[in-house]
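Step one of this worksheet: look at the structure below.
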Amino acid sequence: DRLQVVPMTMAMSACKRATQWAAVLFLLRDTMPSLGLEPSLPCMSTALGALLQAGRWSEALHLLQASTLLASDAAECNRAFKDFAT
């Protein structure tokens, strides 16, 4: 699984850099489950960062509420918010 999650995280990161937040969510919510992949903490952090960068506050809040990975790692959440602020 990890070998498949890493390229997915890289693809999400590329979409984030290209300000394609909808593509990031598609990879997270549609592509990964269809491949039987569980999102990793870096995947969730990248998705959160993409939503914050795009000003999609409602979606970012929903992601935070739904993610036990992000909720359990305050440092990763802080990193996503810091990336947004810079």
Side-chain angles (χ1 to χ4, degrees):
D1 276 355
R2 179 160 163 61
L3 292 177
Q4 292 177 318
V5 172
V6 170
M8 193 65 63
T9 304
M10 293 172 66
M12 291 172 68
S13 188
C15 292
K16 178 186 169 205
R17 284 191 305 277
T19 65
Q20 298 295 315
W21 66 269
V24 173
L25 288 185
F26 180 79
L27 291 169
L28 180 69
R29 294 181 177 161
D30 295 315
T31 305
M32 291 187 76
S34 73
L35 296 173
L37 300 175
E38 288 290 324
S40 64
L41 185 56
C43 285
M44 298 302 286
S45 179
T46 299
L48 177 62
L51 292 170
L52 292 172
Q53 179 181 359
R56 307 298 294 197
W57 306 107
S58 179
E59 289 94 337
L61 181 58
H62 179 72
L63 186 65
L64 279 171
Q65 290 172 333
S67 172
T68 56
L69 287 172
L70 287 172
S72 68
D73 194 327
E76 195 64 34
C77 282
N78 286 337
R79 215 172 351 268
F81 282 102
K82 183 179 177 185
D83 287 347
F84 163 70
T86 57

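Values below: all heavy atoms of this structure, side chains included; hydrogens, waters and symmetry mates excluded. Because the structure is predicted, anything quoted here is derived from the model rather than measured.
- Thr46 places a side-chain N or O within 3.5 Å of a backbone atom of Pro42 that can act as its donor or acceptor partner.
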Can Val5 and Met32 be said to form a side chain to side chain contact (heavy atoms under 4.5 Å, CB included), step by step? CA-CA 8 Å; Val5 172; Met32 291 187 76; 4.3 Å; yes
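- Shortest non-hydrogen contact noted between Met44 and Leu63 is CE-CD1, 3.3 Å.
- Put simply, Val24 and Leu35 are part of the same group of oily side chains (I, L, V, M, F, W, Y) that touch within less than 4.5 Å, one to the next.
- The heavy-atom pair separating Leu27 from Met12 by the smallest distance is CD1-CG, 3.7 Å.
- Interatomic distance, Ser45 OG to Lys16 NZ, rounded to the nearest 0.5 Å: 7.0 Å.
- In this structure, the side chain to side chain contact (heavy atoms under 4.5 Å, CB included) partners of Thr19, at least two apart in sequence or on a different chain, are Gln53.
- Residues Trp21 and Ala50 come closest through the heavy atom pair CB-O, 3.8 Å.
- Between the side chain of Ser13 and the main chain of Thr9, no donor-acceptor pair closer than 3.5 Å is present.
- The heavy-atom pair separating Thr31 from Met8 by the smallest distance is CG2-CE, 3.8 Å.
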Check the pair Leu51 / Trp57 against side chain to side chain contact (heavy atoms under 4.5 Å, CB included), numbers first and verdict last. CA-CA 7 Å; Leu51 292 170; Trp57 306 107; over 6 Å; no
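- Formation of a donor-acceptor pair under 3.5 Å by the Ser67 side chain with backbone atoms of Leu64 is not found in this model.
- Taking CZ from Arg56 and CG from Leu48, the interatomic distance works out to 14.0 Å, rounded to the nearest 0.5 Å.
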